[in-house]
Amino acid sequence: MTDSPPEGPSSAEVTAAFIRDAKFHQVLRGYRIDDVDRFLEDLATRIDKDGKLSSGDVSNITFARGLRGYAVRDVDAYLESLARTIAPG
């Protein structure tokens, strides 16, 4: 894994596979991995089913924190980028 957080997608790249492939640094205290992974899988499933997402689908989400989690800044930056890329909603 690289030292930089995952880059956000262009609108053409927001696919279920792109979301499922998101990787984040793991840190001692961060967002609970299961919560983030479940949320991303739910988003990917919506794309598979409906073919689209709105920025409302990824805005204002909160995750519990715990030991051995995903780096908060990485997840937040990814979701903010994703929200800016997809249609308002």
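Quick caveat, the model's predicted, so the values are computed rather than measured.
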May I have the step-by-step check of side chain to side chain contact (heavy atoms under 4.5 Å, CB included) for Leu43 and Leu82, ending in yes or no? CA-CA 11 Å; Leu43 291 179; Leu82 191 61; 4.3 Å; yes
Begin from the C-alpha positions of Asp34 and Arg38 and carry the test side chain to side chain contact (heavy atoms under 4.5 Å, CB included) through to its verdict. CA-CA 6 Å; Asp34 289 345; Arg38 186 176 315 112; 4.0 Å; yes
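Rounding to the nearest 0.5 Å gives a distance of 6.5 Å between CZ of Arg68 and CG of Leu28. The distance from atom CG of Asp57 to atom CD1 of Ile86, rounded to the nearest 0.5 Å, is 6.0 Å. Put simply, OG on Ser55 and CD on Glu80 are 12.5 Å apart, with the number rounded to the nearest 0.5 Å. To the nearest 0.5 Å, atoms CG (Asp37) and OH (Tyr31) are separated by 14.0 Å.
Atom CG of Asp50 is surrounded by more than 12 heavy atoms from other residues, nucleotides or ligands within 6.0 Å.
A salt bridge links Arg20 with Asp48: the distance from a Lys NZ or Arg NE/NH1/NH2 to an Asp or Glu carboxylate oxygen falls below 4.0 Å. Ionic pairing of Arg73 and Asp76 is not present here: no N-O contact between side-chain nitrogen and carboxylate oxygen is shorter than 4.0 angstrom.
Linking ILVMFWY side-chain heavy atoms closer than 4.5 Å, directly or via other members, places Val72 and Phe39 in a single hydrophobic cluster. Linking ILVMFWY side-chain heavy atoms closer than 4.5 Å, directly or via other members, places Val14 and Val36 in a single hydrophobic cluster.
Closest approach of Val58 and Leu79 over heavy atoms only: CG2-O, 4.0 Å. Residues Ala44 and Ala16 come closest through the heavy atom pair O-CB, 3.5 Å.
The aromatic rings of Phe18 and Tyr78 lie parallel to each other, their planes meeting at an angle below 30°, with 60° marking the opposite boundary.
Between Leu53 and Ile19 there is a side-chain heavy-atom pair separated by less than 4.5 Å. Taking 4.5 Å as the limit, some side-chain heavy atom of Tyr70 sits within range of a side-chain heavy atom of Gln26.
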